[in-house]
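What follows is a short report on a single structure.
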Protein chains: 2
Amino acid sequence: MAVSEKRINAVRKFNRFYTKHVGALNEGLLNSRFSLTEMRVLYELYSGDNLTAGDLVKSLSLDPAYLSRILKKFKSEGLLKTAKSARDGRQRVLIFTEEGRRDFTPFIKASQDEVAAILTLLSDAEQIRLIEAMNLISSTLAPAEEITDPVIIRSHRPGDIGWVIHRHGALYAQEYGFDSSFEALVAKVGEDFLTNYDPEFEHCWIAERNDVILGSVSLVKKDLSTAQLRLLYVEPTARGLGVGRKLVDECIRFARRKNYVKVTLWTNSTLYAAIHLYEEAGFKLIDEEPHHSFGQDLVGQTWDLIL
Amino acid sequence: MAVSEKRINAVRKFNRFYTKHVGALNEGLLNSRFSLTEMRVLYELYSGDNLTAGDLVKSLSLDPAYLSRILKKFKSEGLLKTAKSARDGRQRVLIFTEEGRRDFTPFIKASQDEVAAILTLLSDAEQIRLIEAMNLISSTLAPAEEITDPVIIRSHRPGDIGWVIHRHGALYAQEYGFDSSFEALVAKVGEDFLTNYDPEFEHCWIAERNDVILGSVSLVKKDLSTAQLRLLYVEPTARGLGVGRKLVDECIRFARRKNYVKVTLWTNSTLYAAIHLYEEAGFKLIDEEPHHSFGQDLVGQTWDLIL
DNA sequence: CGAAATAATGGATTTTGTCAAATAAATTGG
DNA sequence: CCAATTTATTTGACAAAATCCATTATTTCG
């Protein structure tokens with residue numbers, strides 16, 4: 001399948017742009033006593049554990065001979081020490097000395113400061129979008145085996161319900177053409193949740209990675225035995241990470257713990273991704289009914305899960 | 001304002017990731033007769049026009065002497081020719097010879113093929129998302145002088161009111177320790193606006209730059225002759241751009257146009273930045289009254305502007 | 001006009017990276 | 001078990017890439 005030449009060149013343009021950008025960042029560290037390659041080696045050793053020369057050769061694509069000399073220098077300076085590997089007598093495990101770790105920490109700090117200086121120029125929203133974009137690129141281009149940062153599920157904090165309203169309003173308008181009355185409905189639900197929230201029997205979960213929110217869901221008390229799942233949302237950029245499944249699972253676990261007998265939810269037939277999640281979790285379609293809302297002809301659905 | 005360490009490290013992680021990624025791409029071109037730096041010089045010349053050595057030194061951050069040697073080699077190989085600049089006799093304009101252009105084209109092709117090979121592994125939607133993410137990163141990180149993009153004031157769209165709730169909830173919790181009941185109040189106001197919005201006499205303005213929201217304000221009808229300014233918000237990182245002033249001005253202009261007699265607003269005494277804006281716009285403090293709300297002891301203020 | 005700044009280059013040197021071969025320990029296949 | 005092969009690291013010799021300092025030719029500025 002042919003790929004559009006425009007897209008190819010857009011990617012190449014970004015490659016050149018980012019090469020320059022990283023180059024500029026590295027210049028800041030350039031007047032130190034370590035070269036760029038030495039820095040990369042030290043950083044890899046700093047963050048990894050029990051690494052051998054061979055590991056570094058592979059992960060940094062370095063010439064073994066070159067690396068050997070770099071390590072020799074570090075050893076002679078007292079930054080590193082080596083220990084014969086227990087598993088393989090040919091290997092040396094590389095270990096930072098106390099002094100080495102102390103000497104190198106300032107460079108980590110400097111590198112962090114440089115990035116921080118760039119981030120402070122951006123608004124909170126810009127930072128979030130930047131990191132989301134970076135995560136998207138990494139996970140798209142990374143070989144599957146590479147691990148990405150973990151998705152964390154936490155309880156809601158101030159601002160989170162607003163975020164839920166914001167994202168529902170924006171995304172459903174964009175993808176399904178819903179009008180403002182949908183955002184108004186979500187705002188009503190959100191306001192109701194914030195005002196009447198009973199922590200004993202209700203909860204809201206936020207999924208995030210790197211302090212960037214990826215999705216959310218809430219569970220409220222409908223009556224003594226029934227909980228209602230509401231406002232499930234997953235960022236388009238986070239699809240495929242299992243965020244939706246994790247959120248639904250949290251809901252069900254919480255409902256069980258609180259001795260609810262049933263979890264119910266209302267959704268619309270066009271929201272395939274969400275409905276798929278509900279089916280997988282064991283929800284059954286109870287009722288369907290057409291309605292005209294949010295400027296669209298829709299089919300509302302009620303799904304129940306008996307616990 | 002401090003930037004989250006998680007975010008800093010997420011960015012640094014991406015930098016390392018992309019350094020490796022580009023490094024891997026470059027390896028493909030490595031067994032050619034050009035070095036990486038030579039390649040970058042040739043790309044720059046290939047895509048730019050009428051460049052001088054100085055231009056390249058700046059855009060690629062190269063040592064002038066080093067570049068001079070690279071160019072000398074290219075000239076001796078017949079890839080490039082130079083012409084004295086008309087504007088400045090010290091400068092030489094660098095021009096690809098026919099032969100040079102012909103010789104270099106295959107490398108462009110090879111680089112395109114390499115990128116194409118990666119893109120073909122992705123679905124159409126993934127390609128689009130990848131490129132969008134790259135564009136976002138480029139425009140976000142482009143050198144400061146290029147970020148003089150204008151701040152635009154526009155009317156609200158779906159999702160915007162949610163954003164207003166989100167940012168109020170998050171920032172006022174962080175800076176003033178307000179609890180969730182504040183977010184609930186904002187959500188109530190927002191929901192009310194969305195539900196009862198009368199475009200003829202009410203409005204909400206969003207300030208944004210590069211499609212990123214920086215602030216907002218709304219004006220609603222209180223009675224026939226009085227408009228109420230509500231929910232003024234400016235991103236902390238956008239302070240000093242005149243966003244707040246622009247938003248308040250819009251409000252007042254709109255109120256005048258709609259023949260309101262008075263604009264009123266309610267705020268709290270601790271919100272100095274906002275109050276300063278109101279004073280500058282001509283608002284007068286009418287009434288003050290202590291209250292306990294949002295988990296804090298506060299002093300509520302009513303300000304009026306007679307039009 | 002003369003002094004200072006700028007664009008480009010040459011000389012000398014250092015730093016960085018590469019290739020081939022050597023050493024030493026493990027693994028494999030009979 | 002042992003010879004052959006493979007793997008992890010090191011050394012030697014060298015080449016390529018990059019830098020520092022000084023110089024020349026122009027231009028710009030006061």
Side-chain angles (χ1 to χ4, degrees), chain A residues 19-20 22-24 26-45 48 50-77 80-95, chain B residues 19-20 22-24 26-45 48 50-77 80-95:
Chain A
T19 301
K20 280 184 200 174
V22 170
N26 289 335
E27 265 175 39
L29 307 171
L30 216 67
N31 36 16
S32 79
R33 61 184 168 119
F34 302 119
S35 76
L36 201 60
T37 310
E38 289 174 332
M39 211 69 103
R40 293 177 70 204
V41 168
L42 287 172
Y43 188 77
E44 205 77 5
L45 287 173
N50 281 338
L51 296 173
T52 65
D55 296 332
L56 293 175
V57 164
K58 252 181 286 170
S59 68
L60 300 176
S61 312
L62 291 176
D63 179 271
Y66 182 32
L67 176 64
S68 176
R69 284 187 183 94
I70 289 175
L71 295 175
K72 193 176 171 184
K73 183 188 148 204
F74 288 162
K75 274 181 270 179
S76 82
E77 285 175 353
L80 293 183
K81 56 190 176 188
T82 57
K84 218 167 193 155
S85 166
R87 280 175 317 163
D88 188 331
R90 294 166 304 179
Q91 293 182 323
R92 307 286 133 76
V93 177
L94 300 162
I95 308 156
Chain B
T19 301
K20 278 185 199 174
V22 170
N26 288 335
E27 266 175 38
L29 308 171
L30 214 68
N31 36 17
S32 77
R33 60 186 168 117
F34 300 120
S35 77
L36 202 60
T37 310
E38 289 173 333
M39 209 70 102
R40 292 178 71 205
V41 169
L42 288 171
Y43 277 134
E44 205 76 5
L45 288 172
N50 282 338
L51 297 173
T52 67
D55 296 333
L56 293 176
V57 163
K58 252 182 286 171
S59 68
L60 300 176
S61 313
L62 293 175
D63 179 271
Y66 182 31
L67 176 64
S68 175
R69 284 186 182 95
I70 289 174
L71 294 174
K72 190 178 173 187
K73 184 188 149 203
F74 288 163
K75 274 181 268 181
S76 81
E77 285 175 354
L80 294 182
K81 55 190 175 188
T82 57
K84 218 168 192 156
S85 166
R87 282 174 315 164
D88 188 331
R90 295 167 303 180
Q91 293 182 324
R92 308 285 135 75
V93 177
L94 300 161
I95 308 156

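Just so it is clear, the values below take in all heavy atoms, side chains as well, and ignore hydrogens, waters and symmetry mates. The shown structure was predicted, so the numbers you read here are calculated from the model rather than taken from an experiment. Just so we're on the same page: letters track the sequence lines, and every chain starts at 1.
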>> Between B/Ser59 (side chain only) and B/Asp55 (backbone N and O only), is there a donor and an acceptor less than 3.5 Å apart?
In response: yes
> Of the non-hydrogen atoms in A/Leu51 and A/Glu44, which two are nearest, and what is the gap between them?
Replying inline: CD1-O, 3.4 Å
>> Testing the basics here: between A/Ile95 and A/Ala83, what is the closest heavy-atom pair and its distance to 0.1 Å?
In response: CD1-CB, 4.1 Å
Nearest to the side chain of [X], which nucleotide is it out of [options]?
X	options	result
B/Arg92	C/dA8, D/dT11, C/dG10	C/dA8
B/Ala65	D/dC20, D/dT9, C/dA26	D/dC20
B/Arg69	D/dT19, D/dG12, D/dT10	D/dT19
A/Arg90	D/dT26, D/dT9, C/dA26	C/dA26

Gap between atoms [atom1] and [atom2], on [X] and [N] respectively (whole Å):
X	N	atom1	atom2	value
B/Leu36	C/dT16	CG	P	16 Å
B/Asp55	C/dA7	CG	P	9 Å
B/Arg33	D/dA17	CZ	C1'	18 Å
A/Leu80	D/dT9	CG	C1'	15 Å
A/Gln91	D/dT10	CD	C1'	15 Å
B/Leu71	C/dT9	CG	C1'	11 Å
A/Ile70	D/dT10	CD1	P	12 Å
A/Leu56	D/dT10	CG	P	11 Å

>> Check this for me: does any side-chain nitrogen of one of A/Glu38 and A/Arg69 sit under 4.0 Å from a carboxylate oxygen of the other?
In response: no
>> Within a 6.0 Å radius of atom NZ on A/Lys72, are there more than 12 heavy atoms belonging to other residues, nucleotides or ligands?
In response: no
Select base, sugar-phosphate, or nothing to describe what [X] touches, counting heavy atoms under 4.0 Å on all strands.
X	value
B/Lys84	sugar-phosphate
A/Asp63	base
A/Lys75	sugar-phosphate

>> With a 4.0 Å limit, can you tell me whether A/Thr52 has a side-chain N or O closer than that to the phosphate oxygens OP1/OP2 of D/dA8?
In response: no
> Taking only N and O in the side chain of B/Lys72, is any of them less than 4.0 Å away from OP1 or OP2 of C/dA8?
Replying inline: no
>> Can you work out whether A/Leu67 or A/Asp88 has the more 5'-proximal nearest nucleotide on DNA chain C?
In response: A/Leu67
